[in-house]
Amino acid sequence: MSDEINRGKEEPKPSVSFIEQFIIDDLKEGKNNGRIHTRFPPEPNGYLHIGHAKAICLDFGMAQKYGGKCNLRFDDTNPVKEEVEYIDSIKEDIRWLGFDWEEREFYASDYFGKLFDFAIDLIKKGLAYVDDQPAEVISAQKGTPSQPGTESPFRNRPVAENLDLFYRMNEGEFDEGSRVLRAKIDMKSPNMHMRDPIIYRILKSPHHRTGDKWNVYPMYDFAHGQCDYFEGITHSLCTLEFEVHRPLYDWLIDQLKTSDYRPRQIEFNRLNLTYTMMSKRKLLELVQEGRVSGWDDPRMPTLCGLRRRGYTPESVRKFIDLIGYTKFEAINDVSLLEHAVRDDLNLKAPRVFGVLDPLKVIITNYPEDKIEDVEVINNPEDESMDSRKIPFGREIFIERDDFMEEPPSKFFRLAPGKEVRLKGAYIIKCESFRKNKDTGIIEEVHCTYDPGTKSGEGSSGKKVKGTLHWVAVRYALDAEVRLYDRLFDHEDPAGQKDEDYRKFLNPDSLKILKGCKVEPSLQSAKPLDKFQFQRLGYFCVDYDSTPGSLVFNRTVSLKDTWAKMNK
RNA sequence: UGCUCUGUGGUGUAAUUGGCAACACGUCUGACUCUGGAUCAGAAAAGUUCAGGUUCGAGCCCUGACAGAGCAACCA
């Protein structure tokens, strides 16, 4: 290529997120000896959703890109809410997304000993005290964001007494809720988190990893920053709401650190999507109240839900990449997510014929018992995917929507006297149809075919506007198809003050179609196999599917300009 | 009435030393098509929350407003 051409189209500089820019700058300055170490710290109290995917892609992605490492660390500081079930699903989902933490699977509970020692150390330095007051009193003394707090009467308890009490708290001598350990910082701080935060509480539920070894457990705020520190994390990436916690983490690390090293916390915006919500608590409610079939209901924004819906990890990653990381709390349009899957599946998904709402067509001039195997391309976007043969015969099913008794002028499909191409087969002409006099339902369409128009062989000079998909009656397989729509009919169901999000549940978010007809090659399709049902959309085999009764989930429809014209 | 953060087409982002506001999704045309898909060509759409200031020149710097979000769990 000549210099002139090169000059003409300069590579647009790839723009990086503000976080990546910080990392680049830190690297340039030689911080941490050029080391990059991140972590993804989920709490094992629910399933991962696409919002977590945003964090995962950043945590693992930055490490990958800059030759660093990313730990998986479960934030399991609350034995009351956390379960082993969730740990396995979280690991599965991270792997599915395409990331690997190698041997670095850690738990906040791995550090309970160190954390306890640190608490003892703070007590000895006069920086922590045992408070005997009940939760409500402590809470009242905290003040409000606009009013300073007041000091606890136990604030100046002697060190020896604090030490004795704290040890005895851990011995199990006191009831849950009777005493807590607090850091002694500043009750008048404008930052609520600095007003003598509770750092240890008594909890007597057994922990999934440490059993009944401990009777006191660190609060998240007392564990998170230090765990990062213990693991040598260089960049602690988290969401915006932890911005106000940062001074507390810094204060704690100041008491702990023995060198200049300190993890750098950088906060970014959460992922919000239109017509859904990310609150783990509310998602759990949907599951528990039976409003969805489970965490992996294909309407859920969970990773297992998206997987079951037919999303590919590539499409999720692409979407995350598209929306970026900023400090602005945004709400992203689902249509971008849908674009990402369509874009990915367009290249990957084999095309097949499936008829959702079958209407029988009889080709009256086609021999009774003749069956032809016609050849169809598997994917016009990818020649290497080759072609396959499907059976064609005198009786076929077409989509009910593809026939109209009295069509408008722009209707390019089948109608009395009109001709259409049957994809991969012949051009047919509608000669007549049979209608049920009582119901008005069209029961059968009678057509003739032109033998000179076989696909790939000719068209007898005919030009037809429409091409239909079809399935031969004799070889059609029955299938159940589940059509999904947005779970909520409000753009921001959880953001409506004084309105319960349940009120916005979309009653039509799931339509189950029985008696759909699909081509015989789908007989052996396995759960999670993905296809494009020609002209309809992308579909994925559901876990409920068996060779004897196929079940497909619609991932997303194809763009449909005809449907749009008719709106 | 406090503290922290944030305001760029409808939506999400970009603009790296202050220099013609760019890209994607969506929307709308048209072409092509044995998928009304894909693809291709094109269009509409913001003058950067507002008001001042500095500057030859401000989305970017300064000042002041306004708006939104977060913070008052023995949750994370």
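None of these values were measured; they are calculated from a predicted model. Note on naming: letters A, B, ... go to the chains in the order of the sequence lines (proteins, then strands), and numbering restarts at 1 for each one. Excluded from the calculations below are hydrogen atoms, water molecules and symmetry mates; all remaining heavy atoms, backbone and side chain alike, are included.
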Side chain of [X], base of [N]: donor and acceptor closer than 3.5 Å?
{"X": "Arg413(A)", "N": "rG36(B)", "value": "yes"}
{"X": "Ser335(A)", "N": "rC25(B)", "value": "no"}
{"X": "Glu381(A)", "N": "rG37(B)", "value": "yes"}

Indicate, with a heavy-atom threshold strictly under 4.0 Å, whether [X] touches base, sugar-phosphate, or nothing.
{"X": "Lys280(A)", "result": "nothing"}
{"X": "Gly324(A)", "result": "nothing"}
{"X": "Lys188(A)", "result": "nothing"}
{"X": "Leu336(A)", "result": "sugar-phosphate"}
{"X": "Ile427(A)", "result": "nothing"}
{"X": "Phe242(A)", "result": "base"}
{"X": "Glu457(A)", "result": "nothing"}
{"X": "Pro380(A)", "result": "base"}
{"X": "Thr274(A)", "result": "nothing"}
{"X": "Ala330(A)", "result": "sugar-phosphate"}
{"X": "Gly424(A)", "result": "base"}
{"X": "Gly149(A)", "result": "nothing"}
{"X": "Gln532(A)", "result": "base"}
{"X": "Lys327(A)", "result": "sugar-phosphate"}

Below 4.0 angstrom from OP1 or OP2 of [N], is there any side-chain N or O of [X]?
{"X": "Lys465(A)", "N": "rC34(B)", "result": "no"}
{"X": "Ser15(A)", "N": "rC23(B)", "result": "no"}
{"X": "Asn332(A)", "N": "rG12(B)", "result": "no"}
{"X": "Asn269(A)", "N": "rU13(B)", "result": "yes"}
{"X": "Ser189(A)", "N": "rC3(B)", "result": "no"}
{"X": "Thr77(A)", "N": "rC75(B)", "result": "no"}
{"X": "His469(A)", "N": "rU35(B)", "result": "no"}
{"X": "Lys559(A)", "N": "rG26(B)", "result": "yes"}
{"X": "Arg246(A)", "N": "rU4(B)", "result": "no"}
{"X": "Arg201(A)", "N": "rC75(B)", "result": "yes"}

- Message: Taking syn as a glycosidic torsion within 90° of 0 and anything else as anti, which one is rG64(B)?
- Response: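 The base of rG64(B) is oriented anti (glycosidic angle more than 90° from 0).
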Pi-cation contact, [Y] with [X] (under 6.0 Å, within 45°):
{"X": "Arg157(A)", "Y": "Tyr129(A)", "value": "no"}
{"X": "Arg209(A)", "Y": "Tyr107(A)", "value": "yes"}
{"X": "Arg413(A)", "Y": "Phe403(A)", "value": "no"}
{"X": "Lys429(A)", "Y": "Tyr449(A)", "value": "no"}

Nearest-Å distance for atom pair [atom1]/[atom2], residues [X] and [N]:
{"X": "Gln534(A)", "N": "rU33(B)", "atom1": "CD", "atom2": "C1'", "value": "12 Å"}
{"X": "Glu241(A)", "N": "rC71(B)", "atom1": "CD", "atom2": "C1'", "value": "11 Å"}
{"X": "Leu422(A)", "N": "rU35(B)", "atom1": "CG", "atom2": "P", "value": "13 Å"}
{"X": "Ile331(A)", "N": "rU13(B)", "atom1": "CD1", "atom2": "C1'", "value": "16 Å"}

- Can we call the ring centroids of Tyr538(A) and Phe533(A) under 6.0 Å apart?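 Not under 6.0 Å, so no.
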Looking at the side chain of [X], which of [options] is the nearest nucleotide?
{"X": "Arg351(A)", "options": "rC74(B), rC34(B), rG37(B)", "answer": "rG37(B)"}
{"X": "Arg535(A)", "options": "rU35(B), rA24(B), rC74(B)", "answer": "rU35(B)"}
{"X": "His245(A)", "options": "rG26(B), rG12(B), rA76(B)", "answer": "rA76(B)"}

- Query: Do Phe328(A) and the base of rG7(B) stack face to face, with centres under 5.5 Å apart and an angle between planes under 30°?
  - Reply: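 It does not: the two rings, one from Phe328(A) and one from rG7(B), miss the stacking criterion.
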- Message: Let me spell it out: for each of Tyr200(A) and Asp560(A), pick the nucleotide of RNA chain B with the closest heavy atom. Which residue's pick is nearer the 5' end?
- Response: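 Of the two residues, Asp560(A) wins.
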- Query: In terms of the nearest nucleotide of RNA chain B, which residue is placed more toward the 5' end: Val16(A) or Val464(A)?
  - Reply: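 Closest to the 5' end, via its nearest nucleotide, is Val16(A).
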- Would you call Lys318(A) and Asp343(A) a salt bridge, taking side-chain N to carboxylate O under 4.0 Å as the test?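 Yes, this pair counts.
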- Message: For Asp560(A), is there an ion pair with Lys564(A) - N to carboxylate O distance below 4.0 angstrom?
- Response: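 Result for this pair is no, no salt bridge flagged.
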- Query: Side-chain donor-acceptor pair under 3.5 Å between Glu43(A) and Tyr86(A), yes or no?
  - Reply: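 No, Tyr86(A) and Glu43(A) have no side-chain donor paired with an acceptor closer than 3.5 Å.
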